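The structure appears below as structure tokens.
Since the structure is predicted, the reported quantities are computational estimates derived from the model, not experimental observations. A note on names: the letters A, B, ... follow the listed sequences, proteins ahead of strands, and every chain is numbered from 1.
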Protein chains: 2
Amino acid sequence: MAGKNLVGPEADALDLGAVFRALADEHRRSVIARLAADHSDSERGCNSFDLPISKQTQTHHFRVLREAGLVHEIDYGNRKGIRLRRADIERRFPGLLALLGAESPGGAAPR
Amino acid sequence: MAGKNLVGPEADALDLGAVFRALADEHRRSVIARLAADHSDSERGCNSFDLPISKQTQTHHFRVLREAGLVHEIDYGNRKGIRLRRADIERRFPGLLALLGAESPGGAAPR
DNA sequence: TTTCGGGTACGATTCAAGTCGTACCTGGAG
DNA sequence: CTCCAGGTACGACTTGAATCGTACCCGAAA
């Protein structure tokens, strides 16, 4: 019941190329944007994003996000949760998450 | 001698996905990082970056950067120059250029 | 235990992107 | 004029990424 924490790279090892590659995809960017918009940073179910793609493809995208160091994945066996690594991201790439609000409704779009 | 200015998208039409896709490539990111590090924003020759790739491939990369709206290209016929669209980028995606300094020497790497 | 929903593993497919070879264009130098 | 260096156009190749089908795993609930 505890849930195994699937680990990604250390905060210091975050690679800007991998991050940009991860955020280049529309689906992954939408996930991170919604996580960034929720300032409570609570854990969220992986199937709560209503992505218009099959579950196999979702598995692939969440893996990419984890390997890029953007999210933590918590495996409960029959379901999974993710949590935004906001502190790590802000430390290495300050301001990056704020950029995602520029195209997502509900985010802090500057005007 | 005047040089035709090859135009990219308008400042308001900059797409975050296209920008991330453009910056996902190491060569293109290195070009933008060096342009961003030079705060004088002067025009720069396209062959002044010593990219370890053929000139045909360089043509491809500079085109991607222009179509993403990150640089202006100035065509002189037998040579070409590029200029960073710093103001436009800062207006749409404030702080983005600063992130590139996190991995390039000469930039403002935080420590 | 069986059932069921969420998730993964592996493979196949499709498509986009990075790369370069060949040929050609352009403007300046000699 | 010719030559030359920088740049482009077009095509081909190769790799990687996104997607899904099939089969299987896991934990909770009936």
Side-chain angles (χ1 to χ4, degrees), chain A residues 1-9 15-33 35 43-83, chain B residues 1-9 15-33 35 43-83:
Chain A
M1 182 190 286
K4 280 170 296 189
N5 201 325
L6 305 180
V7 293
D15 175 49
L16 191 54
V19 169
F20 280 149
R21 252 189 312 278
L23 294 177
D25 183 88
E26 205 174 345
H27 298 133
R28 293 193 292 260
R29 198 165 63 250
S30 115
V31 167
I32 298 298
L35 287 173
E43 187 180 317
R44 187 159 169 180
C46 273
N47 62 343
S48 70
F49 293 97
D50 283 317
L51 296 177
I53 49 181
S54 69
K55 54 181 184 176
Q56 307 98 296
T57 306
Q58 293 190 33
T59 295
H60 163 68
H61 284 310
F62 286 123
R63 184 209 307 267
V64 172
L65 289 177
R66 169 171 54 86
E67 292 180 346
L70 294 175
V71 301
H72 281 305
E73 280 184 296
I74 303 96
D75 184 11
Y76 297 99
N78 63 343
R79 68 193 166 84
K80 211 177 51 176
I82 66 176
R83 186 188 299 270
Chain B
M1 183 190 287
K4 281 170 295 189
N5 201 325
L6 305 179
V7 293
D15 175 50
L16 191 53
V19 169
F20 280 150
R21 252 189 312 277
L23 295 177
D25 183 88
E26 205 173 346
H27 297 133
R28 292 194 292 260
R29 198 165 63 251
S30 112
V31 167
I32 299 297
L35 287 173
E43 187 179 316
R44 187 159 170 180
C46 273
N47 62 343
S48 71
F49 292 97
D50 283 317
L51 296 177
I53 49 181
S54 69
K55 55 182 184 176
Q56 307 96 293
T57 306
Q58 293 191 32
T59 295
H60 164 68
H61 283 311
F62 285 123
R63 184 209 309 267
V64 171
L65 288 177
R66 168 171 55 86
E67 292 179 347
L70 294 175
V71 300
H72 281 306
E73 280 184 297
I74 304 96
D75 184 11
Y76 296 99
N78 62 343
R79 68 193 168 85
K80 210 176 53 178
I82 67 176
R83 187 189 300 269

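- At C:dG18, one or more side-chain N or O atoms of B:R28 fall inside 4.0 Å of OP1 or OP2 (strictly under the cut-off).
- Residue B:D75 is classed as having no contact, given no heavy-atom separation below 4.0 Å to the nucleic acid.
- For A:K55, the listed nucleotide lying nearest its side chain is C:dG7; candidates were D:dG7, C:dG7, C:dG27.
- Checked against D:dA17, D:dG7, D:dT8, the side chain of B:E73 finds its nearest nucleotide in D:dT8.
- In this entry the distance linking CD1 of A:I82 with P of C:dG6 reads 16 Å, nearest Å.
- Counting only heavy atoms from C-beta outward, the side chains of A:F49 and A:R44 approach each other to under 4.5 Å.
- Under the 4.5 Å side-chain criterion, counting only non-hydrogen atoms from C-beta, A:H61 is not in contact with A:V31.
- With rounding to the nearest 0.5 Å, the separation of CG in B:L6 from CD1 in B:I82 is 11.5 Å.
- Going from atom CZ of B:F20 over to atom P of D:dA17 covers 18 Å, rounded to whole Å.
- In this structure, A:E26 atom CD and C:dA16 atom C1' are separated by 15 Å, rounded to whole Å.
- Counting to the nearest Å, the P atom of D:dT19 and the CD1 atom of A:I53 are 5 Å from each other.
- Taking only side-chain atoms of B:R79, from C-beta outward, the nucleotide of C:dA17, C:dG6, D:dG6 with the closest atom is D:dG6.
- Side-chain atoms of B:D25 lie closest to C:dG18 of the nucleotides C:dA17, C:dT8, C:dG18.
- Per the geometry, CD belonging to B:Q58 stands 10 Å off P belonging to D:dT8, to the nearest Å.
- Taken from NE2 in B:H27 to CD in B:Q58, the straight-line distance is 9.0 Å, to the nearest 0.5 Å.
- Considering only side-chain atoms of A:N78, the nucleotide from D:dA5, D:dA28, D:dA17 that sits closest is D:dA28.
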inquiry  = Could you walk me through whether A:V64 and A:L70 satisfy the side chain to side chain contact (heavy atoms under 4.5 Å, CB included) test, starting with their C-alpha distance in whole Å, then the side-chain angles of each, then the deciding distance to 0.1 Å, before giving a yes or no?
reply    = CA-CA 9 Å; A:V64 172; A:L70 294 175; over 6 Å; no
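- Residue A:H60 is classed as a base contact, given a heavy-atom separation below 4.0 Å to a base.
- What separates NE2 of B:H61 from C1' of C:dT19 is a distance of 8 Å, to the nearest Å.
- Atoms CZ and NE2, from B:R83 and B:H72 in turn, are 9.0 Å apart once rounded to the nearest 0.5 Å.
- A:T57 has a side-chain polar atom (N or O) that falls below the 4.0 Å cut-off from OP1 or OP2 of D:dC20.
- Counting any heavy atom pair closer than 4.0 Å across all strands shown, B:K80 reaches sugar-phosphate atoms only and no base atom.
- One interatomic measurement links the two molecules: NE2 of A:H27 to C1' of D:dC20, which rounds to 14 Å at whole-angstrom precision.
- Residue pairs meeting the salt bridge (Lys or Arg N to Asp or Glu O under 4.0 Å) criterion with at least one partner in residues 58-78 of chain A, sequence neighbours excluded, are A:R66-A:E73, A:E73-A:K80.
- With rounding to whole Å, A:L51 atom CG is found 14 Å from C:dG6 atom P.
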task = List the protein contact pattern of nucleotides 9-15 of chain D with one symbol per nucleotide (5' to 3'): B for base contact, S for sugar-phosphate-only contact, - for none; contact means a heavy-atom distance under 4.0 Å.
result = B------
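- Counting only heavy atoms from C-beta outward, the side chains of A:R21 and A:R28 never approach each other to under 4.5 Å.
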